[in-house]
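The chains referred to below are lettered A, B, ... by the order of the sequence lines, with proteins before strands, and numbering in each begins at 1. For the numbers below, each heavy atom of this structure counts, side chains included, while hydrogens, waters and symmetry mates do not.
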Protein chains: 2
Amino acid sequence: MAKGNKRISIADLAAELGLAISTVSRALNNAPDVSGATKAQVWALAEKWNYQPNSLAASLRRGRSNMLGVIVPHINGAFFPAVVHGIENGASQAGLNVLICQSNEDARQEQKHVEALLKAQVDGILVSASNTTEDLAHFERIRAQGTPLVFFDRMPALPQACGVVVDDYRGAYQVMEHLIGQGCRRIAHLAGPPHLNTTAERLRAYREALLAHGLPFDEQLVVPLDNSTTDAGAAAMRRLLGLYQPPDAVFSAYDFPAGGALQLLEERGIRVPQDVALVGFSNEPFTTMVRPRLSSVDQRGVLMGEAAVQLFLQLLKRTELFSGRRIVLKPQLVVRESSVRR
Amino acid sequence: MAKGNKRISIADLAAELGLAISTVSRALNNAPDVSGATKAQVWALAEKWNYQPNSLAASLRRGRSNMLGVIVPHINGAFFPAVVHGIENGASQAGLNVLICQSNEDARQEQKHVEALLKAQVDGILVSASNTTEDLAHFERIRAQGTPLVFFDRMPALPQACGVVVDDYRGAYQVMEHLIGQGCRRIAHLAGPPHLNTTAERLRAYREALLAHGLPFDEQLVVPLDNSTTDAGAAAMRRLLGLYQPPDAVFSAYDFPAGGALQLLEERGIRVPQDVALVGFSNEPFTTMVRPRLSSVDQRGVLMGEAAVQLFLQLLKRTELFSGRRIVLKPQLVVRESSVRR
DNA sequence: TAACTTATCGGTATCGTTTCCGAATATCTT
DNA sequence: AAGATATTCGGAAACGATACCGATAAGTTA
């Protein structure tokens, strides 16, 4: 072992081999203008001395850090972890490290994370916007810096934003057709935030599917959720049951509130799906553990993450070509006991 | 705006103000040997030009990157996301960025991630070992580099490893005392991997609690789980039900298998908790959604993450003082319907 | 008044790479 | 055999910041 405990650099290798630093550098990078013989020498010594390149220095010189910044609202539930997993798949294939940040549905934290990521010189930023994000200045700033930016799932209303989303409208529409096909005529909707593209689309599909099938759209049947917890779902369900004409089906924009609604219905002795059919959204693992099993819509998390990285890589090559480009994934309705009437 | 689209450096600021680069640097760092007047100048211009320090350059020079590497087996379920959340809390307080990697319970991926993190010059590494980690060479390498290393939850058998864990023995022992107190006399255990400290401790507590209460230890009642899924739990439960003398209680080392066992018992028409009492481990959110609600043990994820960062910070100051130091958190038994007999 | 602190700032080496450019040798043309 | 082209390597300038050391001016002390 050379140099005692100190970390060794290409200068050390160069000195030992009597080569120039630049030659060692190109040898390690397998450049074409280094002979095979010297490459072999360099590689051998690097191996022997366990040389670890200082990626900070390389990044500084190159101008890029080989790091990908990711901002998610949270990593609870199953969806965002799945996306993160997909991102890591794609990133490791491309030789990129991934910096993950949680905004906790807080716009201020999101801004902070954007600043931090830009300061850390990430090569690109992948973000799913928080619930509370109204001001979009920090996203503009990313573009201004020339850093590739791609959204996933939650896309803010930016004209030329790139991103990959699931076709929420289509998924929700399938839910509605399914419920209507099961004979439900008075379908309620537990709605997410109206300013989120995802939940807005689900609501739009809810409405348009009703009208398309000659069913009335009753505003009383649309209950906004304060958050995506079981409690919020139970509260919303309680309100629906207090109606003069309660619904015979509930389509929830999220799974956990659907679970909460299920609990309340159980307490009240209302049968699911016979009295009230129930469908959620996200296909959380717990949907198969409750009784009756909860129908839901799968959002293709892993696929979404991988697609987001692909889009980023394309953006890296030719920014202008992919401006405004968005990839739309097909969701998958998973029908279970909670919505099947016999 | 100056310099067109280019990112500006302290050299630009220095040139504009007629100062030396070094002075600008110290001004920005609020060094004591810069006058208040010039500091104000520098800060004003930095603000006006939206100067963003290049942390790569600073890190290169300083020798530390302000980044914390984290390796988790996965971010499914609720526990590890909670830990990650705690880590982010602690890290952001300390001004550190967090690099999160998933090993997917694969020792090879874990090694890869260690290499990547070391190459990325992280200031420290926080890791919960994978299921399949036998060879510990990559952990030794971290120590050899002088990089602080702290484990959480899953700790390998390294003599002087630092880490923060939950008292699995205590938690499991409480479970057993609870079950015995409920009148259960033939308690089975769905066991996790024997080479993991966590699950090994749970098994040990299972055994010792039995003996301490004068109950026999029957090897047939200990069923190893292939993984921590519901299917594995159902399979294990099936095996238990095939026994000549089936158990009257099951303590599962994880929640999801407990959920699977619950499903199977329901299918067979076996009442929980009257015929078989059931307790899991991890306190997953779904435990409150199934019927009967599942008793479980909370592992204090957020707290664990924060404690891990604290331990890292101490390690950073005085490595030698905290060698072998481990923080032990108290778990919390949460009793629900699945284990309460009346 | 000379010497000595103190406050403030400039110059420069350095961190470890990459990359451009040019030099030296070797190989290939007619 | 002389010039043209390829191959292989070395030198040196960056990248952007930090830190050591020395210089200058002002204030203090004897």
Side-chain angles (χ1 to χ4, degrees), chain A residues 2-3 6-43 45-46 49-67 95 118-123 145-146, chain B residues 2-3 5-43 45-46 49-67 118-123 145-146:
Chain A
K3 294 276 175 183
K6 198 72 178 56
R7 186 171 173 145
I8 64 168
S9 69
I10 55 172
D12 300 323
L13 299 180
E16 172 78 8
L17 295 173
L19 290 173
I21 293 180
S22 56
T23 304
V24 175
S25 172
R26 281 170 309 186
L28 290 172
N29 289 345
N30 205 6
D33 60 344
V34 176
S35 74
T38 52
K39 275 182 188 173
Q41 278 187 51
V42 172
W43 291 343
L45 188 64
W49 282 5
N50 185 31
Y51 164 72
Q52 297 282 89
N54 186 326
S55 55
L56 285 178
S59 296
L60 173 60
R61 182 58 235 255
R62 289 198 148 112
R64 58 195 168 79
S65 61
N66 263 17
M67 288 198 313
L118 287 179
K119 222 161 68 174
Q121 306 268 93
V122 294
D123 296 342
Q145 294 243 350
Chain B
K3 295 278 176 180
N5 206 2
K6 198 71 178 55
R7 185 171 175 147
I8 64 169
S9 68
I10 56 172
D12 301 322
L13 298 180
E16 172 77 9
L17 294 173
L19 291 173
I21 293 182
S22 55
T23 304
V24 175
S25 171
R26 280 169 309 182
L28 290 171
N29 289 346
N30 205 7
D33 60 345
V34 177
S35 74
T38 51
K39 275 183 187 174
Q41 278 187 52
V42 172
W43 291 344
L45 188 64
W49 283 4
N50 186 30
Y51 164 72
Q52 298 283 91
N54 188 327
S55 54
L56 285 178
S59 297
L60 172 60
R61 186 58 235 261
R62 291 197 144 111
R64 58 193 166 82
S65 62
N66 261 19
M67 289 198 313
L118 287 179
K119 222 162 66 175
Q121 307 265 96
V122 294
D123 296 341
Q145 294 244 348

Between B:R62 and A:V34, whichever has its closest DNA chain D nucleotide further toward 5' is A:V34
At what distance, to the nearest 0.5 angstrom, does [atom1] of [X] lie from [atom2] of [Y]?
| X | Y | atom1 | atom2 | answer |
| --- | --- | --- | --- | --- |
| A:Y51 | A:I8 | OH | CD1 | 8.0 Å |
| B:R62 | B:S55 | CZ | OG | 10.5 Å |
| A:L19 | A:L13 | CG | CG | 9.5 Å |
| B:L17 | B:D12 | CG | CG | 11.0 Å |

Which heavy-atom pair separates [X] from [Y] by the least distance, and what is that distance?
| X | Y | value |
| --- | --- | --- |
| A:L60 | B:A57 | CD1-CB, 3.8 Å |
| A:A46 | A:L28 | CB-CD2, 4.2 Å |
| B:Q145 | A:Q52 | NE2-CG, 4.1 Å |

Checklist entry - If you draw a 6.0 Å radius around NZ in B:K39, do more than 12 non-hydrogen atoms from other residues or ligands fall strictly inside? => result yes
Within residues 17-33 of chain B, those residues having any heavy atom closer than 4.0 Å to DNA chain C are B:G18, B:L19, B:A20, B:S22, B:T23, B:R26, B:D33
Does any non-hydrogen side-chain atom of [Y] lie less than 4.5 Å from one of [X]?
| X | Y | value |
| --- | --- | --- |
| B:Q121 | B:M67 | no |
| B:L56 | B:S59 | no |
| A:N29 | A:R26 | no |

Within the 4.0 Å heavy-atom criterion, would you say B:S55 contacts the bases, only the backbone, or no part of the nucleic acid? nothing
Mind checking if B:T38 touches a base, just sugar-phosphate, or nothing, with heavy atoms under 4.0 Å?
sugar-phosphate
Per nearest nucleotide of DNA chain C, the residue lying toward the 5' end, A:R61 or B:K39, is B:K39
5'-most to 3'-most nt of DNA chain C touching chain A (<4.0 Å, heavy-atom partner on protein side) reads C:dG16 to C:dT19
Applying side-chain hydrogen bond (donor to acceptor under 3.5 Å, both in side chains) to A:R64 and not counting sequence neighbours gives A:N66
Outermost contacting nts on DNA chain D, any atom under 4.0 Å from chain B heavy atoms, listed 5' then 3', are D:dG16 to D:dA19
Overall bend of the helix from C:dT1-D:dA30 to C:dT30-D:dA1 (five pairs an end, 10° steps) is 50°
Hits for side chain to side chain contact (heavy atoms under 4.5 Å, CB included) against A:E16, two or more places apart or cross-chain, chain-then-number order -> A:L45, A:W49
